[in-house]
Trainee: 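Take this structure first; my questions come after.
Quick note on labels: first sequence line is chain A, next is B, and so on, each numbered from 1.
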Amino acid sequence: MTYTSSLLRLLDERGYIHQLTDPAGLDQLAATQIVPGYIGFDATAPSLHVGSLVQIMMLRRLQQTGHKPIVVMGGGTTKIGDPSGKDESRKMLTPEGIAANIASIHTIFERFLSFGDGPTDAIMVDNDEWLSQLGYIDLLRTVGPHFTINRMLTFDSVKLRLEREQPLSFIEFNYMILQAYDFRELALRHGCRLQMGGSDQWGNIVNGIELTRRMEGREMFGLTTPLLTTADGAKMGKTAAGAVWLNDEALPAYDFWQYWRNADDRDVGRFLRLFTDLPLDEIARLEALPGSEINAAKVVLANEVTKLCRGAEAAAAAEATAAATFAGGGLGQDLPVLDLPAEGLTIVDALVGIGFAASRGEAKRLIAGGGAKVDGEAVADEAFHIAGGAERRISSGKKKHGILRPN
RNA sequence: GGACAGGUGGCCGAGUGGUUAAAGGCAGCAGACUGUAAAUCUGCCCGCGCAAGCGUACGCUAGUUCGAAUCUAGCCCUGUCCA
């Protein structure tokens with residue numbers, strides 16, 4: 001359908017919408033008044049990763065089109081240990097740990113949203129504020145009557161688990177109730193009307209809408225984003241080295257930049273629309289670049305996303321490093337550095353020391369496979385000794401480069 | 001509480017007394033080809049050691065055995081069904 005509100009038009013054009021509870025109703029609302037909308041985030045780690053970036057960008061779009069973003073940190077739910085990750089039972093975090101994580105995550109949101117007290121300023125709240133006050137009996141009495149087990153069993157999150165004969169613990173089963181409670185609470189406290197989230201959140205969101213309607217008689221809206229995978233089917237934001245973290249302390253800007261620079265050809269247009277503010281016609285031009293020219297678009301993508309997440313300076317530095325390293329065959333200053341003692345280092349120690357190999361055995365295998373290079377020359381001998389005294393370039397394969405620097 | 005099934009390397013999954021550091025697949029790393037892409041083909045893929053080899057590893061603990069992932073006992077955990 002075609003939307004009249006700038007919010008839905010923008011979200012639609014850029015590919016954020018997967019499911020929407022009442023398109024016409026929300027469109028109408030967004031066209032006529034400020035819509036406070038929320039997304040919930042986990043507080044289990046000091047940083048969010050690329051997997052959360054779509055959600056962050058949605059809040060940004062919300063604000064860009066004149067609405068109010070509400071960032072909800074799951075401090076309360078983290079306390080219990082959100083089990084929806086299923087296989088790894090998460091470690092219990094101390095209240096201090098959770099508070100520190102929230103503070104750290106806040107720094108990311110500051111780059112994407114403008115916070116304050118104004119009508120369309122973003123706010124961040126912690127669901128611990130209300131959840132920790134909640135008594136079990138109270139919760140049962142106020143919320144319990146509005147949920148039937150029959151219905152809860154029909155939600156995909158539950159149904160799929162049962163069908164696959166996977167364990168579903170009681171707390172997990174209750175999680176949707178807490179989240180529904182959050183939505184209602186946000187409606188009361190902040191006039192929240194909209195909850196957004198990934199497609200796996202659909203059931204939870206719908207529950208919140210129902211609960212709020214039944215208890216408060218308020219009409220609420222829900223919107224989910226498509227499950228984001230890369231073109232080859234992998235979940236976004238996961239690499240061998242681990243998650244692609246948004247925080248600078250968790251992942252160097254150069255590595256972050258490289259993640260985007262190495263995007264699959266087929267993903268470039270979609271990513272540009274979702275993760276950058278570039279105008280659509282410019283994106284259309286970039287994604288249509290033929291053959292290897294698409295690389296220019298990947299550089300733009302890497303620059304834009306890095307700029308948003310890490311700042312313009314970090315983006316420029318990462319780009320310069322990449323240019324020097326790949327095009328120039330030289331060394332960029334953002335590459336990882338290892339001290340090179342005057343007497344030199346063995347190739348194995350250097351590879352392990354700079355982090356290109358996890359163990360000496362792995363380093364030797366890398367050498368045996370022909371992937372280890374010093375100053376661009378393949379090293380075949382695992383006993384090879386790198387002389388000290390000058391800056392050397394060490395590489396694992398074609399993409400991982402580092403500096404050995406005399407100290 | 002009872003009956004049954006099961007717990008193997010990052011994941012999935014074979015193995016049911018020795019030739020098993022454990023088939024196969026996925027993921028990952030590297031090489032070739034390229035465009036720091038994809039697809040494809042090739043090699044590698046627990047740690048230490050130049051190596052012979054050593055050390056760890058098949059839920060936990062104790063045992064049987066020359067020898068156990070494989071057998072026994074107890075325990076823990078998960079699922080299905082019954083109470």
Side-chain angles (χ1 to χ4, degrees), chain A residues 83 85-89 160-173 229-244 254-272 286-303 305-306 318-332 334-336 346-349 351-352 354-374 376-385 393-402:
Chain A
K86 131 176 169 292
D87 357 303
E88 316 135 37
S89 62
L160 292 176
R161 201 73 85 75
L162 295 178
E163 273 168 8
R164 287 169 46 222
E165 302 196 345
Q166 294 297 308
L168 175 74
S169 68
F170 187 63
I171 158 112
E172 252 171 309
F173 190 56
T229 53
T230 54
D232 47 15
K235 235 185 195 166
M236 269 219 76
K238 298 276 180 191
T239 67
V244 181
Y254 173 71
D255 294 324
F256 185 81
W257 192 92
Q258 280 292 325
Y259 175 78
W260 299 101
R261 171 60 184 83
N262 284 306
D264 191 299
D265 284 8
R266 295 166 289 178
D267 288 329
V268 172
R270 196 160 52 105
F271 287 177
L272 281 167
L286 286 169
E287 72 175 327
L289 289 173
S292 63
E293 287 177 42
I294 192 84
N295 283 329
K298 293 184 189 180
V299 171
V300 173
L301 173 67
N303 279 150
V305 181
T306 307
E319 186 188 8
T321 289
T325 306
F326 288 97
L331 287 167
D334 263 14
L335 295 176
T346 66
I347 179 75
V348 171
D349 288 335
L351 287 169
V352 173
I354 205 158
F356 290 168
S359 67
R360 300 173 58 75
E362 195 178 308
K364 288 174 193 170
R365 275 180 237 121
L366 178 65
I367 295 163
K373 297 195 196 72
V374 172
E377 297 290 321
V379 173
D381 178 10
E382 59 182 50
F384 184 81
H385 190 266
R393 166 186 162 119
I394 184 165
S395 314
S396 161
K398 281 169 297 196
K399 288 193 209 167
K400 279 185 277 187
H401 306 283

Trainee: Atom NZ of A:K399 to atom P of B:U34: distance rounded to whole Å?
Mentor: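 Going from NZ in A:K399 over to P in B:U34 covers 16 Å.
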
Trainee: Using only side-chain N and O atoms of A:S359, determine if any of them is under 4.0 Å from OP1 or OP2 of B:C48.
Mentor: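 For A:S359, the contact criterion (side-chain N or O under 4.0 Å from OP1 or OP2 of B:C48) is met.
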
Trainee: Measure CG/A:D334 against P/B:U36 and give the value in whole Å, please.
Mentor: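 It is 20 Å, rounded to the nearest whole Å.
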
Trainee: Strictly below 4.0 Å: does A:K364 bring a side-chain N or O up to OP1 or OP2 of B:C45?
Mentor: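 For A:K364, the contact criterion (side-chain N or O under 4.0 Å from OP1 or OP2 of B:C45) is not met.
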
Trainee: Could you tell me how far B:G15 sits from B:G9 if I compare only their C1' atoms? Round to whole Å.
Mentor: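 It comes out at 14 Å once rounded to the nearest Å.
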
Trainee: Nearest heavy atom decides the nucleotide; on that basis, is A:D265 or A:G369 closer to the 5' end of RNA chain B?
Mentor: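 Result: A:G369.
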
Trainee: Using atom P of each nucleotide, how far apart are B:A5 and B:U19 to the nearest Å?
Mentor: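 B:A5 and B:U19 have their P atoms separated by 28 Å.
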
Trainee: Are side-chain N/O atoms of A:N295 and A:S292 paired as donor and acceptor at under 3.5 Å?
Mentor: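 No, because no side-chain N or O of A:N295 sits under 3.5 Å from a partner of the opposite role on A:S292.
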
Trainee: In whole angstrom, give me the gap between the C1' atoms of B:C50 and B:A39.
Mentor: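 39 Å, rounded to whole Å.
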
Trainee: Let me know the distance between CG of A:L301 and P of B:A37, rounded to the nearest Å.
Mentor: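 The distance from CG of A:L301 to P of B:A37 comes to 15 Å, rounded to the nearest Å.
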
Trainee: When you compare B:C54 with B:U8, how far apart are their P atoms, in angstrom units rounded to a whole number?
Mentor: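 Result for the P pair: 28 Å, nearest Å.
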
Trainee: C1' atom, B:A22 versus B:G13: distance in rounded Å?
Mentor: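 The answer is 12 Å between these two C1' atoms.
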
Trainee: It should be established whether A:R365 places a side-chain nitrogen or oxygen under 4.0 Å from OP1 or OP2 of nucleotide B:C46.
Mentor: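 No, A:R365 has no side-chain N/O under 4.0 Å of OP1/OP2 on B:C46.
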
Trainee: Taking atom P of B:G31 as reference, at what distance in whole Å does atom CG of A:L366 sit?
Mentor: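 Going from A:L366 (CG) to B:G31 (P), I get 8 Å.
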
Trainee: Take the protein atom NZ of A:K398 and the nucleotide atom P of B:A30, then report the distance between them rounded to whole Å.
Mentor: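 Taking NZ of A:K398 and P of B:A30, I get 9 Å after rounding.
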
Trainee: Taking atom P of B:G49 as reference, at what distance in whole Å does atom CD of A:E362 sit?
Mentor: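 These atoms are roughly 14 Å apart.
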
Trainee: Determine the Euclidean distance between corresponding P atoms of B:G55 and B:G49; express it in Å to zero decimal places.
Mentor: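 About 16 Å, rounded to a whole number of Å.
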
Trainee: Can you tell me if A:K373 touches the phosphate of B:G31, counting only side-chain N or O atoms and a distance under 4.0 Å to OP1 or OP2?
Mentor: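 Checking A:K373 against B:G31: at least one side-chain N or O falls below 4.0 Å of OP1 or OP2.
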
Trainee: Assign each of A:Y254 and A:A358 to its nearest nucleotide of RNA chain B by heavy atoms, then name whichever residue's nucleotide is nearer the 5' end.
Mentor: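 That would be A:Y254.
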
Trainee: Which whole number of Å gives the distance between the P atom of B:C60 and that of B:C66?
Mentor: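 Going atom to atom, P in each nucleotide, I get 25 Å.
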
